[in-house]
**Student:** 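Pasting a structure here, questions to come.
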Amino acid sequence: MKITRCDILRATRPIKVMDCFVDRGLLPGGHASLPDIDVDYASDRRQEMKEYLEERYNVDGRQRVFSAGTFTTLKLKAALKDVARVHRVPLSEVNYITAIFDDNMDWTGLFRLAAVNRRVRKFILDYPQVIEDVRSILGQPKAASIHASAIIVTPETKDGRPADCFDFLPIRRMDGLLVSEFDGYAVDEIGLLKEDVLATKELAKLNATISLVNTHYDRQLTIEGITQQKLEHDKTYRLLADGYTHNVFQFSSPFITQFIQDVKPTSIEDLIAINALYRPATLDIGATEDFIRFCRGEAAPVYNYGCYEATKDTYGIMVYQEQFMSIAHTLGGFDLGKTDLLRKAIGKKKAELMATLKADFIAGAVANGCPDYEAEEIWHKIEVAGNYGFNKSHAAAYALTAYCGASLKANYPTAFYTVALQWADDKQIAQLMGEMEACSTARIVPPDVNRSGVEFFTDYSSGEIFWSLVRIRQLGVTTAEYIVAERERGGAFASVENFIRRIFGSRLRKCPDKPKESARVPVNARHVKHMILAGCFDKTEGLKSMTERLSVLRRAADMLGFTLEDKEFPAALVDKHYFWSQQQIAVSGIGSIDYRRIYDNSEARAQFKGRTAYLTLREAADSENEGRRVVVCATVADIVEASYSDKTSGEKVRFAKLCLQQNNETMELVCWNDFYMAHYTQITGLRDKVVIVSAMVRYNNYTGQNCLHTTKSSFLSSL
């Protein structure tokens, strides 16, 4: 099928830019170097875009489009292993030493580590020739490969004659593709056009969500339509300001979520600034804290001479590259070419060029009426901003993409979460489910043998999203497809017995008269058992309580010939509601345990009086509860032991971090040394058990969230 420009989302604009450079001959000779063209495409259409480039520029039998080459270089860890092998250093010693190294450790880092690590220092002294040989090969090319995204397009002519890519630089063939012998940096020096065809799954997810909205809600939405509106929807900004940012592009980490909650954005300009500001360098210099204070009106922004227009949208803070370039142009008197030279000089840390540009800037600023001392101050800010300044057009594109996702979440949550769940990994699902319950009418329900399929199935009339069959433990795609095909062929399953007879047919011992089927049936007794535990037959069987699943299991076991072991289904637990919820969660990842009910019926409840109040994990996460002594009931999802060195004694102090889970909510419980050692045997055996524990709610600066801390008087009980 021929690919046209209309087939590719937003493909026309980058192609027109490329046409300008390529077809009009504005390449080598006309320009020293061309800007990179970095364009993000939907991840499921990236290959389509590459094919379009080849169709567009490979005409008349001439090859003009090919991939950029790249080279991996020798790093310290790999170089040391290679050299040590030549010198016959014992492998055990080399593995021990390199295991200590960071992946990106350099030559200086090696000797800094040796200053504090006796084992590394001894290795250097024992094998000096190895270390000397390593120094000579560090950073050398190790292997050639194909760049993941860079595509190069050569001009149509050279010296007035039609030209192929081979006329401009050496090309080789790798894995059936044409690849340059030069890397991207060398291509820039030659002056060829390079485009990074980047795959962004967020665009594919947005397209899938919009398709569902248009199909099920009879809308005519497009990404362009959402992002070209006034961008003043209170509902969308309120959703972000409340911290419901899971699966929103660039805004879903806990740290940036907290930043968004602090800023409380009300416009697209705020989202652009948030995207550009939340970078390591700006965090280090405190620009994010200043921005929050200015947004809240806690402090008045200060604008330098001649800088108001350039920085008014960011309260006087230089956030974007365009801002300091604008200041250099309007205040320093730089022409446009010189402002771009300034950007490159700062980015590449060219000291001599910077010194020259500084003198020119200060002279120009003073000539425009700026006091010389303030011109010095502004130049210093430009230098600092140049080290972290983010391209505003880039930040704007990302912010618009984020706004589009947040708008869909706010207005069409069922469609949004359907796609989010389909793309999510197991660790993300609990968070998505928790957020869904908190901010939308959409609901995830357990799998249903008559509704669920390979993907999550959504009933848009009720807002119910049925759990995927493939998410049930050990049920693969083939098994799920076989079950769905039988359902479509023979209609809904009437009972568990009906399901077993239709799926297993002649393989049942109670159906010896049926002829053997030639095709292999990809469903076994374990699959059926897990489906029952996951709740697939609850509606079909009309179960009123999860404890009734035991009778369904027994009937299936009788037909399929498996046994229910007492150790797997203890008599003391089979009448407990939470036991069946735990089984459902274990085999499918979905389920709801009534932890408050467990706590209310426990003997431990009598231990807590006065100011120790029961809270859910969601309530404990509220900033208003920081500093409170609380009691929680939850399942221990994970246990990690950690340690730190005591500053006074220098000894290692051990403590434990427990991940507590209440259905879709999680929180960290830190068991400090005194409590951990006093309850060591009990704590180390708590994984997957329900616990009742009292602790203090503390804010964690590292995670940006509340967590629980034990004290000497904390209480811990497990079920």
**Student:** Distance check, rounded to the nearest 0.5 Å: L615 atom CG versus C633 atom SG?
**Tutor:**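 Answer rounded to 0.5 Å: 13.0 Å.
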**Student:** Is it true that E298 and R296 have a side-chain N and a carboxylate O under 4.0 angstrom from each other?
**Tutor:** yes
**Student:** Going through the distances and angles, do N117 and R121 end up as a side chain to side chain contact (heavy atoms under 4.5 Å, CB included)?
**Tutor:** CA-CA 6 Å; N117 189 300; R121 184 164 62 252; over 6 Å; no
**Student:** Can you label the angle between the F569 ring and the F579 ring as parallel, tilted or perpendicular, going by 30° and 60°?
**Tutor:** perpendicular
**Student:** For a quick check under 3.5 Å, do Y676 and T710 share a side-chain donor-acceptor pair by atom type?
**Tutor:** no
**Student:** At what distance, to the nearest 0.5 angstrom, does CZ of F537 lie from CD of E548?
**Tutor:** 15.5 Å
**Student:** Quick check: are there more than 12 heavy atoms from other residues, nucleotides or ligands sitting under 6.0 Å from CZ of R112?
**Tutor:** no
**Student:** Look at the aromatic rings of F466 and F457 and report parallel, tilted or perpendicular, splitting at 30° and 60°.
**Tutor:**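 Because their plane-to-plane angle lies in the 30° to 60° range, the rings of F466 and F457 count as tilted.
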**Student:** Give a yes or no on whether the backbone of Y680 and the side-chain of T684 come within a donor-acceptor separation of less than 3.5 Å.
**Tutor:**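 Yes: the side chain of T684 pairs with the backbone of Y680.
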**Student:** I'd like to know if the side chain of S468 and the backbone of V454 have a donor-acceptor N/O pair within less than 3.5 Å.
**Tutor:**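 Judged by distance alone, yes, a pair lies under 3.5 Å.
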**Student:** Is it true that a side-chain atom of E435 and a backbone atom of H246 form a donor plus acceptor pair closer than 3.5 Å?
**Tutor:**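 Yes; judged by distance alone, with no hydrogens or angles, the pair exists.
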**Student:** Roughly how far apart are I683 CD1 and E641 CD, rounded to 0.5 Å?
**Tutor:** 10.0 Å
**Student:** Give a yes or no on whether the backbone of Q422 and the side-chain of E455 come within a donor-acceptor separation of less than 3.5 Å.
**Tutor:** no
**Student:** State whether F562 and R526 meet the cation-pi test: NZ (Lys) or CZ (Arg) under 6.0 Å from the six-membered ring centroid, and within 45° of the perpendicular axis.
**Tutor:**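 Relative to the ring axis of F562, which defines the angle, R526 lies outside at least one limit.
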**Student:** Return the orientation label for the F655 and Y644 ring planes: parallel under 30°, perpendicular over 60°, tilted otherwise.
**Tutor:** tilted
**Student:** On the 0 to 90° scale, with breaks at 30° and 60°, tag the W107-F111 ring pair as parallel, tilted or perpendicular.
**Tutor:**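 Ring orientation of W107 relative to F111: perpendicular.
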**Student:** Return yes if some donor-acceptor pair links the side-chain N/O of E541 with the main-chain N/O of V496 below 3.5 Å, else return no.
**Tutor:**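 Flag set: sc E541 to bb V496 pair under 3.5 Å.
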**Student:** Would you please say whether a donor-acceptor pair under 3.5 Å links the side chains of Q584 and R549?
**Tutor:** yes
**Student:** Carefully, step by step, assess E619 and R628 under the rule salt bridge (Lys or Arg N to Asp or Glu O under 4.0 Å).
**Tutor:** CA-CA 11 Å; E619 290 169 338; R628 289 186 65 184; over 6 Å; no
**Student:** Would you call R596 and D600 a salt bridge, taking side-chain N to carboxylate O under 4.0 Å as the test?
**Tutor:**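 Salt bridge flag = yes for D600 with R596.
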**Student:** Does atom NZ (K77) have a neighbourhood of more than 12 heavy atoms from anything else shown, all under 6.0 Å?
**Tutor:** yes
**Student:** Treating S602 as the side-chain partner and Y599 as the backbone partner, does any N or O pair qualify as donor plus acceptor under 3.5 Å?
**Tutor:**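 Present.
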